[in-house]
Each structure stands twice: as C-alpha cells, then as structure tokens.
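Down below is the structure, laid out as structure tokens.
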Number of protein chains: 2
Amino acid sequence: MQTELEIFREFIRSKGLRQTPEREIILAEICRKREHFDVDELFLRLRGQDKKISKASIYRTLPLLVECGLIREVNFVDGHWHYEQIYGQPHHCHLRCLSCGAMVEFEEPRLAAVEAELSRKHGYQIIKHVLEVQGYCPHCHQKSSARDEEAKHV
Amino acid sequence: MQTELEIFREFIRSKGLRQTPEREIILAEICRKREHFDVDELFLRLRGQDKKISKASIYRTLPLLVECGLIREVNFVDGHWHYEQIYGQPHHCHLRCLSCGAMVEFEEPRLAAVEAELSRKHGYQIIKHVLEVQGYCPHCHQKSSARDEEAKHV
DNA sequence: ATCATTGCAAAAGCTTTGCATAAGA
DNA sequence: TCTTATGCAAAGCTTTTGCAATGAT
C-alpha cells in the first residue's frame with residue numbers, strides 16, 4: 001500500500017502543482033496524530049513544533065488533501081469544520097456527545113444497502129454518506145441527571 | 001394534534017419569554033412553504049411580503065424553533081446552515097446532489113436498530129441522528145458524463 | 001411599570017483573497 | 001526563467017451582540 005506522502009505527491013504532480021515543504025509538513029502532522037482536528041488545532045500543533053506555517057497555507061492545503069482522499073470533513077461544530085484522516089481506515093460513522101463533543105467511531109455495514117437502494121430508486125450516482133448519531137455520553141448524561149435531581153429539591 | 005403555533009406559544013410561555021408578532025410571522029412563513037430554507041432566503045421571502053423583520057430577529061428566533069422541535073438544522077452547505085420544518089413529519093434522511101444541491105428525502109427505519117445498538121454498547125443516551133447520502137442526481141451525472149466524453153475528443 | 005424584544009450597526013469568528021516576496025520546476 | 005506557493009494583512013460572509021427604543025405582560 002502506498003504511503004500518504006506518495007499519494008499526495010502523485011496527486012500534486014498530476015495536477016501540475018508544486019511539491020512544497022509546507023504542504024508536506026501539514027500532511028505529516030495530520031498523519032502523526034491520527035485524530036480529529038480543526039484548523040486552529042493543527043495550526044497550534046505546528047507552531048508548537050516551531051514549524052511556522054500560516055493559517056492561509058493550511059486553509060489552502062486542506063481542500064487538496066480532501067480532494068485526493070487523504071482526509072475528509074467530519075462535521076461543522078462550534079462554528080468551524082472538523083476534519084479527520086481517513087486513508088487506510090475503514091469507512092466509519094460517528095457518535096457524538098452533544099455536551100462534551102466526545103466522538104465514538106463505529107462501522108455500519110447496513111448503509112451499503114441503503115446506498116444501493118437509493119441509487120436504484122432515484123438514479124443518483126452515490127459518492128458517500130455521512131451519518132452522525134448524537135446524544136449524551138455516559139459521563140455527561142450522568143452529570144445532567146444529577147443536575148435535574150438537584151433542581152427538584154430547590 | 002396541536003398546531004405549530006400552539007406548540008410555539010406554549011414553549012414561549014413555559015420559558016417565560018414573550019409572544020411577539022415577529023416570532024410568529026417567522027414561524028408562519030416557515031410553515032407556509034414547508035421547504036428547506038436558510039436565513040437569507042427566509043429574510044427575503046418575508047421582505048418580499050413587506051414584512052420587515054430584521055435578520056437579527058431571525059437569527060434569534062431559529063434557535064427557539066429548534067429547541068421546541070418545530071424545525072431542525074439540516075446541514076451546513078455553502079458556508080451557512082440550512083433548516084427544515086419537521087413538526088408532524090416522519091423523521092427522514094437526505095440524499096443530496098453535490099452539484100446542484102437537489103435534495104431527496106427518504107425514510108430509513110434500519111437506523112432505529114443502529115441507535116439502539118449504540119446506546120447499549122457505549123452507554124450513550126441517544127437524541128437523534130443525521131444521515132446524508134451524497135452523490136450526483138441523474139441530471140448532473142449526465143452532464144458530467146457528457147463533459148468527460150467531450151474531453152476525450154480534444 | 002418592568003423587563004424582554006426589536007432593529008440597527010458594530011463586532012466577532014472563520015475562511016478566502018490580493019499582493020509582494022520566495023522558491024519549485 | 002517562469003510560474004506557483006507562501007505569509008501577511010485585508011476583505012468577505014455568516015452569525016452574534018451591545019444598545020437605545022419599542023412593546024408585551
């Protein structure tokens with residue numbers, strides 16, 4: 001299997017773009033910690049390593065990484081996009097805590113059937129799906145139950 | 001079944017807020033055309049009827065309508081949120097064309113099972129899910145195929 | 001009479017963009 | 001050498017907010 005860097009270089013070349021240290025440092029940082037991230041976090045992580053890469057470059061690079069399938073937009077929460085590295089990972093969905101933002105990843109094979117049916121029924125060429133289940137994680141749920149209990153006795 | 005207006009008034013009263021014409025005009029317009037909308041569209045629709053309601057009031061009212069379950073955020077596309085009226089409608093998911101934005105609504109009963117499993121497995125209190133399948137509608141798919149075909153012969 | 005709500009304009013926050021400089025190819 | 005990419009700062013957009021005036025209770 002090709003490495004992310006190989007994929008990215010091939011993509012950059014194929015589009016007639018240029019291989020730059022900034023682009024590769026951004027990709028390397030995303031791959032180093034295979035976690036969800038947003039632009040600001042990524043910027044601060046790079047800056048913390050004395051890699052002075054501007055936010056403008058990050059904003060210009062992320063769409064390239066999305067286009068070549070190395071990362072994807074996960075969701076738009078708190079006024080900005082969150083991304084995740086996806087290359088080499090099985091496709092997964094998210095379970096998000098509406099209170100603390102904790103995310104559980106899970107696979108859901110039944111969605112392949114859903115896609116196939118939609119394609120047949122509506123004539124769409126299906127590209128992908130995004131499923132996010134939302135609720136309260138055990139920790140936050142407990143906290144809010146405790147709060148409710150307290151409210152009763154006021 | 002209660003009307004949307006009744007639900008809203010009850011909600012407003014229960015929170016100690018005030019029943020204002022602006023809030024009710026916004027709700028009425030959303031219910032009049034039971035379609036997807038965004039803030040700007042709604043603002044222009046109201047303005048077209050000589051109902052001069054400020055965007056600030058719209059931005060302040062929508063979260064109330066979400067909170068009392070009359071509307072919901074559908075997705076964040078083109079830099080802003082899209083909403084839809086949901087009260088009295090069966091829960092549904094969306095199939096969106098990545099090119100023209102066309103939306104097909106569909107019901108997917110299998111997701112109830114997915115929610116139940118997640119709740120059991122991870123201890124989350126599940127509130128809701130958002131599933132969006134993305135692809136190209138027959139019309140846009142055809143156009144892009146034609147374009148590709150053309151490119152071959154250049 | 002209170003105090004929440006409105007409209008306006010300003011501010012805030014994320015993202016994009018123009019431009020001069022730097023640097024791949 | 002030619003052209004793309006970078007960094008900075010400014011601009012663009014959507015959304016939020018402060019404030020004086022208005023209006024609901």
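Side-chain atoms are counted along with the backbone in the values below, which use heavy atoms only and exclude waters and symmetry mates. Just so it is clear: chains get the letters A, B, ... in the order the sequence lines come, proteins before strands, and each one is counted from 1.
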Separation of dT16(D) P from W81(B) CH2 (nearest whole Å): 11 Å
V39(B) side-chain proximity, nearest of dT15(D), dG7(D), dT6(C): dT15(D)
Nearest-Å distance for atom pair NE2/C1', residues H80(B) and dT16(C): 17 Å
Distance in Å, R9(B) CZ paired with S14(B) OG, rounded so as to fall on 0.5 Å steps: 14.5 Å
Length of the line joining Y59(A):OH and dT6(D):C1', which is rounded to integer Å: 16 Å
Gap between atoms CD1 and P, on I58(A) and dT16(C) respectively (whole Å): 13 Å
Separation of atom CZ in F37(B) from atom C1' in dT14(D), rounded to whole Å: 16 Å
Geometric class of the F76(A)/W81(A) ring pair [parallel <30°, tilted 30-60°, perpendicular >60°]: perpendicular
Criterion side chain to side chain donor-acceptor pair (under 3.5 Å) on E105(A) and H36(A), from CA distance to verdict: CA-CA 11 Å; E105(A) 297 181 355; H36(A) 297 166; 3.1 Å; yes
Separation of atom CG in L62(A) from atom P in dT17(C), rounded to whole Å: 15 Å
Test item: side-chain donor near acceptor, H122(B) and E117(B), under 3.5 Å: no
L131(B) side chain near H129(A) side chain, heavy-atom distance below 4.5 Å: yes
Per-nucleotide protein contact string for nucleotides 18-25 of chain D (B base, S sugar-phosphate only, - none; heavy atom under 4.0 Å): B----BBS
Neighbour count above 12 (heavy atom, 6.0 Å) for H92(B) NE2: yes
R34(A) with E4(A): basic N within carboxylate O range, under 4.0 Å: yes
Interatomic spacing from CG in L111(A) to CD1 in I126(A) - rounded to 0.5 Å: 11.5 Å
pair V133(B)-K128(A): side-chain heavy atoms closer than 4.5 Å: no
Sugar-phosphate, base or nothing in reach of K55(A), heavy atoms under 4.0 Å: nothing
Protein-nucleotide distance (D40(A), atom CG; dG13(C), atom P), rounded to Å: 11 Å
Spacing between D78(B) atom CG and dG12(D) atom P, to the nearest angstrom: 19 Å
Bracket string, DNA chain D, 5' to 3' - pairs by Watson-Crick or G-U geometry under 3.5 Å, | interstrand: |||||||||||||||||||||||||
